[in-house]
2 protein chains.
Amino acid sequence: MSIDVKTVCLGILSLGDGSGYDLKKRFESTFGHFFQAGYGSIYPALAQLAETDLVSCCEVLEEGKPAKKIYRITESGRHELVKTLESTTPTHKIRSEFLAVLYFAELIGPAQLDRIINHRVGEMQDVLRLLDELKHDSAADQGPGPRFVRGFGETILRAALDYIETHRAELCAGHEGHEPKLQPVSRTAT
Amino acid sequence: MSIDVKTVCLGILSLGDGSGYDLKKRFESTFGHFFQAGYGSIYPALAQLAETDLVSCCEVLEEGKPAKKIYRITESGRHELVKTLESTTPTHKIRSEFLAVLYFAELIGPAQLDRIINHRVGEMQDVLRLLDELKHDSAADQGPGPRFVRGFGETILRAALDYIETHRAELCAGHEGHEPKLQPVSRTAT
DNA sequence: CCGATACATATCGAGTTGATAGGTTTCTAT
DNA sequence: ATAGAAACCTATCAACTCGATATGTATCGG
């Protein structure tokens, strides 16, 4: 087995019970900067985990509230989790449309280039703020593991921001003074 | 449209003709550290690009060699490429099983933790070496875009390596002196 | 009291991954 | 010489993931 959404769900549940909705929240706050998962992955994952008895599920019906299913990790779930964590050599992949676009920076008008970089910088600053909140607020994220991972994210983001601000000028060197190669494409398209 | 494998293939072809096999090579060397694609994505992408006339395809049959299909970008392909590059706000995602595992470091035996970290460190050093080769060897990767992207990768990798070496000791703080929580799981499983 | 947001589950098409299959040519070491 | 490894080349498939969407109730602010 590899470290897929199923495994991470199991891991999160090892820290406390929760519904699918809860898990999504955890994914967004704590895991968002290095491992994403949407409902389309989480619900099937929970269903499979329940099927194989790695988690138990009990439906909670509070009156006047939407029904929810609270999942809880089982003993065999904890064993499976440790086994999986120990028996894989985990990957680390970046999929960056951002860098892909910048690779072809020469084809893009300077204004668009600026917009794209500024947007990405904003995103990174948002994540940095989130990580800072986590550092102070979240009780669940204070162990050595969570701290290490948070620090990793912080370090990489700062390095990236620094690099971008230092080198973005060089990107425009390609078409300094002359117009974008092809006629500027209308902003409304697609 | 978003920046998918199709778009990046189009971009690569804008730098010169090539077969599916060639493209895979380019993906591995130049794009590998921030955007991966396998045959399972590349061949369908090329087929679709050919269908919509963004690239042309001619079959080359040299005697005594496996047949190959050389793809070439068309004028409408170049337009579409620029339009796509300019009209998206590109994403940047990390999917790190590595960090996911380290988040749960307390559940893992110190020996396994060491193995995992060393393996990842090795991978990162490999990529650094690759980037260094690209810097000196590859004629295609000398423009401002390629240089920026390469430098980005280098910077982030160095920052990550540095962070790991500085903080890996703290990860083991959780179970210093006492045994792993659950009985060590046999290495052979799964 | 209306609209936005939070809570909650779930599905679907499109895209991606990683492994696998199937075949030829060229290089390399014994 | 020749066996075997590695490079060259196209292609597919099941499993997994993504992002959008559907469908509702409850709550809270203006």
Side-chain angles (χ1 to χ4, degrees), chain A residues 1-9 17-29 31-32 34-52 57-71 88-97 100, chain B residues 1-10 17-29 31-32 34-52 57-71 84 88-97 100:
Chain A
M1 218 205 278
S2 66
I3 310 294
D4 49 13
V5 173
K6 219 163 57 183
T7 312
V8 180
C9 284
D17 305 347
S19 64
Y21 189 80
D22 291 336
L23 288 201
K24 179 77 191 315
K25 286 294 191 65
R26 294 291 308 265
F27 266 104
E28 273 164 12
S29 71
F31 292 80
F34 66 91
F35 201 107
Q36 300 84 39
Y39 292 126
S41 311
I42 292 172
Y43 282 114
L46 287 172
Q48 270 186 264
L49 288 172
E51 245 174 66
T52 48
C57 166
C58 80
E59 213 152 350
V60 177
L61 297 156
E62 281 178 87
E63 44 175 321
K65 277 191 183 176
K68 64 170 146 181
K69 293 175 182 169
I70 298 287
Y71 292 89
T88 52
T89 59
T91 62
H92 177 96
K93 281 182 200 158
I94 297 170
R95 184 189 187 86
S96 180
E97 299 181 5
Chain B
M1 218 207 276
S2 67
I3 310 293
D4 49 12
V5 174
K6 218 162 58 183
T7 312
V8 179
C9 284
L10 198 55
D17 304 347
S19 65
Y21 189 80
D22 291 336
L23 288 200
K24 179 79 194 312
K25 284 295 190 65
R26 294 291 308 264
F27 267 105
E28 273 164 11
S29 70
F31 293 80
F34 67 90
F35 201 106
Q36 301 84 40
Y39 293 125
S41 313
I42 292 172
Y43 282 113
L46 287 173
Q48 271 185 264
L49 288 171
E51 244 175 64
T52 48
C57 166
C58 81
E59 213 150 350
V60 176
L61 296 157
E62 280 179 88
E63 44 175 322
K65 277 192 181 174
K68 64 170 145 180
K69 292 175 184 171
I70 300 286
Y71 294 89
T84 305
T88 51
T89 59
T91 62
H92 177 96
K93 282 181 200 158
I94 297 169
R95 185 190 186 84
S96 181
E97 298 181 6

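Here is the naming used below: chain letters follow the sequence lines, and residue numbers restart at 1 for every chain.
Heavy atoms of B/G20 sit under 4.0 angstrom from primed sugar atoms or phosphate atoms, though from no base atom. Residue contacts shown for B/K24 are absent, as no nucleic acid heavy atom lies under 4.0 Å away. Residue-level contact check: B/K6 touches neither bases nor backbone, having no heavy atom under 4.0 Å from any strand. Using a 4.0 Å heavy-atom criterion, one finds that A/S19 contacts the sugar-phosphate atoms exclusively.
Distance A/Y21 OH to D/dG24 P: 18 Å, rounded to the nearest Å. Distance CG (A/L46) to C1' (C/dA10): 12 Å, rounded to an integer number of Å. Between the CZ atom of A/F27 and the C1' atom of D/dG19 there is a distance of 16 Å, given to the nearest Å. In this structure, the OH atom of A/Y71 is 13 Å from the P atom of C/dA8, given to the nearest Å. At whole-Å resolution of the value, CD1 in A/I70 and P in C/dC7 are 13 Å apart. For the pair B/K68 NZ and D/dA7 P, the interatomic distance rounds to 16 Å; values are reported in whole Å. One can place CD1 of A/I94 at 18 Å from P of C/dT16, the figure rounded to the nearest angstrom. Rounded to whole angstrom, the span from the NZ atom of B/K93 across to the C1' atom of D/dC16 amounts to 15 Å.
Nearest-nucleotide positions on DNA chain D place A/V5 closer to the 5' end than the other of A/Y39 and A/V5. Judged by closest nucleotide on DNA chain D, B/D22 is the one of A/S41 and B/D22 placed further toward the 5' end.
Of all non-hydrogen atoms in B/A37 and B/I42, the two that sit nearest each other are O-CD1, 4.0 Å. Between A/I70 and A/S19, the shortest heavy-atom contact is CD1-N, 4.2 Å.
B/V5 places a side-chain heavy atom less than 4.5 Å from the side chain of B/F35.
The cationic group of B/K24 lies under 6.0 Å from the six-membered ring centre of B/Y39 and within 45° of the ring axis, placing it in a cation-pi geometry.
Ranking C/dT16, D/dA11, C/dC7 by closeness to the A/R95 side chain, first place goes to C/dT16.
Checked by atom type and distance alone, the side chain of B/E97 never pairs as donor or acceptor with a backbone atom of A/T88 at under 3.5 Å.
At the phosphate of D/dC8, OP1 or OP2 sits under 4.0 Å from a side-chain N or O atom of B/K25. At least one side-chain nitrogen or oxygen of B/Y43 sits closer than 4.0 Å to the OP1 or OP2 atom of D/dT10.
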